[in-house]
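Below: the structure, in structure tokens.
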Amino acid sequence: MPEHEKAVHPEDLTRLFVERANAGDAAGLAALYEEEAVMAYPPGSVTVGREAIRQLWEKVLAGVPRFEPEQPLPTLVCGDIALTATPPRDGAGARAQVVRRQADGSWLRLIDQPEFRPPTN
């Protein structure tokens, strides 16, 4: 497995995600998550664990999607846990992640909610 750049700050995870997704690097995307991470994707489902997340991204990236950088909202940090979020460029909903500082000082995603949709009445 190649050595990937590590997230020095919680906000780095968003940039690294876009770079790796656009490079078609499913293993690199999975490396942004803790071993037992939970991702609320695909919509209505939950994907648990780094290996399952890698497999999911392999399927998604097979369609060669293009990801655009999104301006992060201010990060909320409490010790070794942080909440990161971005508003999608299309203005629909939000994205949020709970990330945790690792023993080496880098950050990984623990919980990923890539799509929040506003409630419809």
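All heavy atoms count here, side chains included; hydrogens, waters and symmetry mates do not. In this chain, numbering begins with 1 at the start of the sequence shown.
Among residues two or more places apart in sequence or in another chain, the salt bridge (Lys or Arg N to Asp or Glu O under 4.0 Å) test is passed with Glu36 by none. Among residues two or more places apart in sequence or in another chain, the side-chain contact (heavy atoms from CB on, under 4.5 Å) test is passed with Gln71 by none. For the salt bridge (Lys or Arg N to Asp or Glu O under 4.0 Å) test, residues two or more places apart in sequence or in another chain that qualify with Glu70 are Arg95. Residues meeting the salt bridge (Lys or Arg N to Asp or Glu O under 4.0 Å) test with Arg101, sequence neighbours left out: Asp80. For Ser106, the side chain to side chain donor-acceptor pair (under 3.5 Å) partners at least two apart in sequence or on another chain are Asp104. The side-chain contact (heavy atoms from CB on, under 4.5 Å) check on Val8 picks up Asp12, with sequence neighbours excluded. Listed by chain and number, the residues in a side chain to side chain donor-acceptor pair (under 3.5 Å) with Glu34 are Arg100, Gln102 (sequence neighbours excluded). Every side-chain contact (heavy atoms from CB on, under 4.5 Å) that Leu76 has, sequence neighbours left out, goes to Leu83. Under the rule for a side chain to side chain donor-acceptor pair (under 3.5 Å), the partners of Gln55 that lie at least two apart in sequence or sit in another chain are Glu51. Under the side-chain contact (heavy atoms from CB on, under 4.5 Å) criterion, Ile111 pairs with Val98, sequence neighbours left out.
A pairwise comparison of heavy atoms in Ala26 and Glu58 identifies CB-CG, 3.4 Å as the closest pair. The minimum heavy-atom distance between Ala85 and Gln97, with the atom names listed, is N-OE1, 4.4 Å. Between Pro65 and Asn22, the closest heavy-atom pair is O-OD1, 4.0 Å. In terms of heavy-atom proximity, Thr84 sits nearest to Pro10 at CG2-CB, 3.7 Å. Between Arg20 and Gly28, the shortest heavy-atom distance links the atoms NH1-O, 2.8 Å. The heavy-atom pair separating Ala37 from Arg109 by the smallest distance is CB-O, 3.6 Å.
The shortest side-chain heavy-atom distance between Pro42 and Thr47 falls under the 4.5 Å cut-off. For the pair Val46 and Val38, the minimum side-chain heavy-atom distance is below 4.5 Å.
To the nearest 0.5 Å, atom CD of residue Gln113 and atom CD of residue Glu115 are 8.5 Å apart. Separating the CD atom in Glu19 from the NE2 atom in His4 is a distance of 11.0 Å, to the nearest 0.5 Å.
Within the hydrophobic cluster formed by Ile, Leu, Val, Met, Phe, Trp and Tyr side chains joined at under 4.5 Å, directly or through other members, Leu108 stands alone, with no partner residue. Hydrophobic cluster membership for Trp107: Leu13, Leu16, Phe17, Val18, Leu29, Leu32, Tyr33, Met39, Tyr41, Ile53, Leu56, Trp57, Val60, Leu61, Phe67, Val77, Val99 (Ile, Leu, Val, Met, Phe, Trp, Tyr linked by side-chain heavy atoms under 4.5 Å, directly or transitively).
Ion pairing between a basic and an acidic side chain is recognised when a charged N comes within 4.0 Å of a carboxylate O; Glu5 and Arg15 show such pairing.
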